[in-house]
Amino acid sequence: MSVMQLRAKRVVVAIFVAVNFLSEAPLALGQKVSPVAARREQVQAVVREAYDKFRSDTSGKNADYIPYLAQVDSKLFGVAVVTTDNQTFSLGDIDYSFSIQSISKVFTAALAMEELGADKVFQRIGNEPTGRAFNSVNAVVDMPTHTGNPLVNAGAIATTSLISGQNANEKWNKILNFYGKVAGEKLALIDQVYKSEAATNAGNKALSMLLAKYDRIYADPFESVDIYTKQCSVGVNVVQLARMGATLANNGVNPKTGEKVIKSEDVPYILSVMMMAGLYDGSGGWAWHVGLPAKSGVGGGIVAIAPGKGAIAVFGPRLDEAGNSVKAQRVIEYVARKLDYNLFSPASFGLKAGATQ
Ligand code: DON
């Protein structure tokens, strides 16, 4: 080895040691830090600012069409950022397990893509925004695909029906285990949420029968609704949810376990659905203001993905008219703006405002 090569090698080793020293969680060999990732202190400060700024915001109201959700303490509030190099920044009610609700739809769609390939999922479900409420019957009737996309209730129930298994229990366990791998921790059903929702889900059963009329459901309709209801009742805390998002941000590799759980080629498809339909009829405004693929749930969670950088998850039970947590939208918008996460902004890939190259 020449003197020059030896020097270059020393410099590389010195940089590697310095980077590991600065980050809380040491990087695994070969794990990359995005060159435009925000610094640790900056992320910490921004999360704190957002938490303080929106802590006493009382806009919106809890979902009440699922009785359990109506009685969740609306003051609960948690924020977490998990980066692709497995650093975690969190504040507030970070241990509280809330139901994942519609955020589950993203990960069942990912599992369906793992099993069938993205093309088949696209053919059988589609990927068009409905511009309607998440549980719209009219969208099923009016849209040529009937299913719309995997994130509205009809499309999500049809997506759940694509998951293979000998029986309902096997399908459900496969879904739950897959969520656990994406979160990097075992997850569990919140039984009270499931019971509350199963007793009041006539609307979803009606959607499933309508899909059967159009041949757009691929297993027994009511069995599929029941598995879907269970997947919506899975409990997550805000850190687990942020890590699920960070797995997508990290090209399908869980940043905590290092396990590849989602195929890289599926990640852009998943993010495209989230961008178009993740906040339902609020998705256009969200793309305008925040510019990040995201998904909301009526349990009060939202997770937003900054590809290559990390994910922001916020939990606050009060929702707007479209069924999206008000606090979560405000906090994510604030954090994303301060950290230059907006995908459509040149600053997100390192260009300064007004720069020509
Ligand atoms: O099927 C439902 O209505 C609920 N389990 C999920 C809806 C939901 O989370 C919509 N999201 N904002």
Side-chain angles (χ1 to χ4, degrees), residues 60-70 72 98-109 129-137 139-140 147-161 172 175-176 179 189-211 217 221-236 241 244 273-286 293-304 313-329 332:
K61 73 185 224 344
N62 284 34
D64 55 9
Y65 74 100
I66 298 170
Y68 179 96
L69 298 180
V72 168
F98 52 95
S99 55
I100 188 167
Q101 295 295 344
S102 282
I103 306 167
S104 68
K105 294 165 176 170
V106 170
F107 301 101
T108 300
T130 66
R132 306 267 176 83
F134 61 84
N135 50 6
S136 170
V137 173
V140 180
T147 35
N149 65 67
L151 303 187
V152 290
N153 285 14
I157 294 164
T159 306
T160 301
S161 80
W172 154 240
I175 291 172
L176 182 64
Y179 291 3
L189 183 81
I190 307 177
D191 203 46
Q192 283 173 290
V193 176
Y194 168 61
K195 291 207 171 95
S196 178
E197 189 162 344
T200 53
N201 65 355
N204 284 336
K205 287 183 181 148
L207 289 175
S208 75
M209 291 312 287
L210 201 52
L211 290 172
I217 190 153
F222 284 3
E223 175 195 282
S224 304
V225 171
D226 188 54
I227 300 171
Y228 163 83
T229 307
K230 282 188 176 141
Q231 76 178 46
C232 289
S233 308
V234 168
V236 282
L241 182 58
M244 292 178 93
V273 191
M274 295 174 81
M275 186 56 114
M276 287 207 318
L279 273 76
Y280 307 111
D281 34 341
S283 299
W286 176 261
K295 184 71 204 86
S296 62
V298 287
I302 300 186
V303 62
V314 181
F315 167 60
R318 291 193 176 100
L319 312 179
D320 66 11
E321 291 293 310
N324 304 316
S325 165
V326 178
K327 248 182 188 155
Q329 289 178 78
I332 295 172

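Remember, it's 1-based here, ligands and their atoms both numbered in the order they're listed.
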Anything under 30° is parallel, anything over 60° is perpendicular, the rest tilted; go ahead and classify Y179 against F107.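 Taking F107 first and then Y179, their aromatic rings stand perpendicular (interplane angle over 60°).
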What residues form a salt bridge (charged side-chain N to carboxylate O under 4.0 Å, His left out) with D281, not counting sequence neighbours?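 Applying salt bridge (charged side-chain N to carboxylate O under 4.0 Å, His left out) to D281 gives none.
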Considering only distance and modelled atom types, tabulate donor-acceptor pairs under 3.5 Å from the side chains of residues 201-209, sequence neighbours left out.
unit_1 : atom_1 : unit_2 : atom_2 : d
N201   : ND2    : T229   : OG1    : 3.1
N204   : OD1    : N153   : ND2    : 3.0
S208   : OG     : K205   : O      : 2.7

Can you tell if the side chain of S99 reaches within under 4.5 Å of the side chain of L69, non-hydrogen atoms only? yes
Just to be sure I understand the cut-off, which residues have at least one non-hydrogen atom under 4.0 angstrom from an atom of ligand 1?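 The answer is Y65, Q101, S102, F134, N153, E197, N204, Y228, C232, Y280, S296, G297, V298, G323, counting any residue whose heavy atom sits under 4.0 Å from ligand 1.
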Listed partners of A139 passing side-chain contact (heavy atoms from CB on, under 4.5 Å), at least two apart: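 In terms of side-chain contact (heavy atoms from CB on, under 4.5 Å), with neighbours along the sequence ignored, A139 is linked to T130, R132, S136, M143.
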Is the closest side-chain donor-acceptor distance between S102 and Y280 under 3.5 Å?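 Yes, Y280 and S102 have a side-chain donor paired with an acceptor closer than 3.5 Å.
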